[in-house]
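Start at 1 with the first residue, then count along the sequence. The analysis underlying the following values was restricted to heavy atoms, covering all of them including side chains, and did not include hydrogens, waters or symmetry mates.
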Amino acid sequence: MKIDDLIAEKRQDPEFDQTYKEAGEKLATAVALYHARENAGLTQAELAERAHTTQATIAKIERGDNVSFEKLQAIAHALGKTLIVSFV
């Protein structure tokens, strides 16, 4: 069985599907932060210093760990960006 087929089968379970969607959203946030940081030419430590947080916090967010809106907002501002939340 291909992985896509297995995922499609498992997503028929509402609880699995919800968890799958939530994980995808966290991953999208992690990837967006990683790309924004890389595009700015900053290391995790440099971004952390600008955002008044720790390198470990930046690493956790880039791994997809939970983060507060306020922390994301501070990081966005440290990158010279505005945080925009969208419900699509």
Exercise for the section: Might you confirm whether atom CD of Glu49 has over 12 heavy atoms from other residues, nucleotides or ligands at distances under 6.0 Å? Expected result: no
Completion exercise
Smallest heavy-atom separation, Ala48 atom then Gln55 atom, equals CB-N, 3.4 Å
Problem - Inter-residue atom distance Lys10.NZ - Ile3.CD1, 0.5 Å rounding - result: 10.0 Å
Exercise for the section: Output the distance between atom CD (Glu38) and atom CG (Leu47), rounded to the nearest 0.5 Å. Expected result: 11.0 Å
Practice task
Indicate if Ile58 and Tyr34 have the same hydrophobic cluster label, given that clusters are the connected sets of ILVMFWY residues with side-chain heavy-atom separations under 4.5 angstrom.
Solution key: no
Only pairs under 3.5 Å count here: list side-chain donor-acceptor contacts from residues 68-86, not counting sequence neighbours, and write none if there are none.
unit_1: Ser68; atom_1: OG; unit_2: Lys71; atom_2: N; d: 3.0
unit_1: Lys71; atom_1: NZ; unit_2: Thr53; atom_2: OG1; d: 3.2

Exercise for the section: May I have all residue pairs that pass salt bridge (Lys or Arg N to Asp or Glu O under 4.0 Å) and include part of residues 15-25, sequence neighbours excluded? Expected result: Arg11-Asp17, Asp17-Lys21
Exercise for the section: Quick one: name the residues clustered hydrophobically with Leu27, using the 4.5 Å side-chain heavy-atom rule over I, L, V, M, F, W, Y, and just say none if it's on its own. Expected result: Val31
Problem - Ion pair Glu62/Arg37, N-O distance below 4.0 Å - result: yes
Practice task
For side chain to side chain donor-acceptor pair (under 3.5 Å), just list the numbers for Lys60 and Asn66, CA-CA rounded to whole Å, side-chain angles, deciding distance to a tenth of an Å, and then say yes or no.
Solution key: CA-CA 8 Å; Lys60 286 178 182 179; Asn66 285 334; over 6 Å; no
Completion exercise
Tightest non-hydrogen contact, residues Phe16 and Ile7, listed as CE2-O, 4.4 Å
Problem - Polar side-chain atom of Asp65 near backbone of Ile61 as donor-acceptor pair, under 3.5 Å - result: no
